[in-house]
There are 2 protein chains.
Amino acid sequence: MQEDRCLVSCIHEDVIQKITGVSEPNEYLERLAQLFKVLGDPTRVRIIYALMQHELCVCDLAHILQMSQSSISHQLRLLRQNQIVKKRREGKIMFYTLADDFVTKLFVLGMEHVRNETYKEYK
Amino acid sequence: MQEDRCLVSCIHEDVIQKITGVSEPNEYLERLAQLFKVLGDPTRVRIIYALMQHELCVCDLAHILQMSQSSISHQLRLLRQNQIVKKRREGKIMFYTLADDFVTKLFVLGMEHVRNETYKEYK
DNA sequence: AAAACAATTGAACAATTGCTCATATAATAA
DNA sequence: TTATTATATGAGCAATTGTTCAATTGTTTT
């Protein structure tokens with residue numbers, strides 16, 4: 001925690017008042033963080049990217065990503081719980097698709113940024 | 001890894017061929033995951049949300065989030081390294097702002113989704 | 001010069017995460 | 001029924017993460 005002296009010298013109370021006023025309910029910010037967190041893993045990104053192209057079964061995904069069926073299944077569960085993907089059974093096979101097109105929008109937007117990055121600079 | 005029998009019975013080779021063809025360079029997908037990962041933490045989301053309202057110093061942020069100045073500083077470093085925020089010195093004080101308006105776009109889009117969520121369903 | 005202060009950073013530690021392995025479930029085939 | 005197959009899941013473990021604490025840096029004040 002910051003000390004008391006800090007309160008006197010550096011905090012810009014006026015600005016803080018203004019910000020606190022417009023503050024988004026913390027619950028939404030929490031959920032937003034959770035959403036990005038789910039998207040913030042290479043395996044899950046690759047799963048989502050594959051599903052952006054076509055509906056796929058667990059086995060296909062394991063084959064495409066060259067990973068175990070178990071780990072793919074674990075990740076799909078997470079994606080399901082967060083309503084990123086949904087599944088449909090056809091006999092023994094489970095087919096997965098994106099739950100809606102909003103993730104695609106996020107991906108397109110994020111990809112734009114990532115493509116324009118030059119290199120990670122560290123100031 | 002999946003076993004050989006799986007290759008015969010369940011993998012949809014035609015679809016996989018098609019997907020592998022349009023595959024985004026893995027480097028970009030990796031960076032996209034990294035981007036979402038940085039955004040996927042409650043503290044960092046709250047920092048970004050505050051900076052969306054106004055330029056702020058480390059001390060202000062610590063005050064607003066009710067967290068230690070040290071942990072805010074650590075998080076700001078991460079955000080800086082990923083080009084989410086940038087800083088500007090004014091005497092002893094460091095002022096932080098969002099590096100560009102792209103994160104705001106991502107937030108607005110993500111927020112739309114999060115607001116419409118009913119509850120986490122678990123199938 | 002020394003003291004004060006805003007911010008940064010490295011080390012340490014608990015908590016979380018993603019994978020593997022083994023097992024369980026659910027649908028189909030024999 | 002029993003065997004096979006596709007997927008799901010729980011436990012365990014190594015790796016990563018976010019915070020705290022202590023020390024340091026860079027700037028201003030005295």
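As the structure is a computational prediction, the values presented were derived from the model and not from experiment. Note: hydrogens, waters and symmetry copies are ignored here, and every other heavy atom, side chains too, is used. The sequence lines fix the lettering, A, B, ..., with proteins before strands; numbering per chain opens at 1.
Each of B:C57 and B:H74 was matched to the nucleotide of DNA chain C holding its nearest heavy atom; the match closer to the 5' end belongs to B:C57. For the pair B:S70 and A:S71, both in contact range of DNA chain C, the more 5′-proximal nearest nucleotide belongs to B:S70.
Across all their heavy atoms, B:L29 and A:R46 have their closest contact at CD1-CG, 4.1 Å. Looking at every heavy atom in both residues, B:I19 comes nearest to A:A50 through CD1-O, 3.8 Å.
Separating the CG atom of A:L56 from the P atom of D:dA6 is a distance of 15 Å, rounded to the nearest angstrom. Atom P of nucleotide D:dT7 and atom CE of A:M94 are separated by 8 Å, given to the nearest angstrom. Following rounding to the nearest Å, A:I72 (CD1) and D:dA8 (C1') show an atom-to-atom distance of 13 Å. Put simply, CG on B:L79 is 12 Å from P on C:dT8, counting in whole angstrom units.
Between B:R77 and C:dT9 there is a side-chain N or O to OP1 or OP2 distance below 4.0 Å. The side chain of A:K87 places an N or O atom within less than 4.0 Å of a non-bridging phosphate oxygen (OP1 or OP2) of D:dA8.
Contacts of residues 38-50 of chain B with DNA chain D (heavy atom under 4.0 Å): B:D41, B:T43, B:R44.
Put simply, the side chain of A:Q69 and the base of D:dA6 share no donor and acceptor less than 3.5 Å apart.
Nucleic acid contact for A:Y96: sugar-phosphate only, since backbone atoms but no base atoms lie under 4.0 Å from a heavy atom of the residue.
A:R44 places a side-chain N or O within 3.5 Å of a backbone atom of A:V38 that can act as its donor or acceptor partner. A donor-acceptor pair is defined here as one N or O able to donate and one able to accept, closer than 3.5 Å; no such pair exists between the side chain of A:D101 and the backbone of A:T104.
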Less than 3.5 Å apart, which donor and acceptor atoms pair up between the side chains of residues 92-99 of chain A and the rest of the protein, not counting sequence neighbours?
from, atom 1, to, atom 2, distance (Å)
A:Y96, OH, A:R80, NE, 3.4

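Between A:R88 and A:E55 there is a salt bridge, since at least one side-chain N of the basic residue sits less than 4.0 Å from a carboxylate O of the acidic one.
The A:S73 side chain lies nearest to D:dT7 when the options are C:dA27, D:dT20, D:dT7. Taking the side chain of B:S68 as heavy atoms from C-beta on, and the options D:dT19, D:dT20, C:dT8, the nearest nucleotide is D:dT20. Checked against C:dA26, D:dG18, D:dT16, the side chain of B:K37 finds its nearest nucleotide in D:dT16. Comparing atom distances between the A:V58 side chain and each of D:dA8, C:dC19, D:dT5 picks out D:dA8 as nearest.
Between B:F107 and B:F102, a ring centre-to-centre spacing not shorter than 6.0 Å is recorded.
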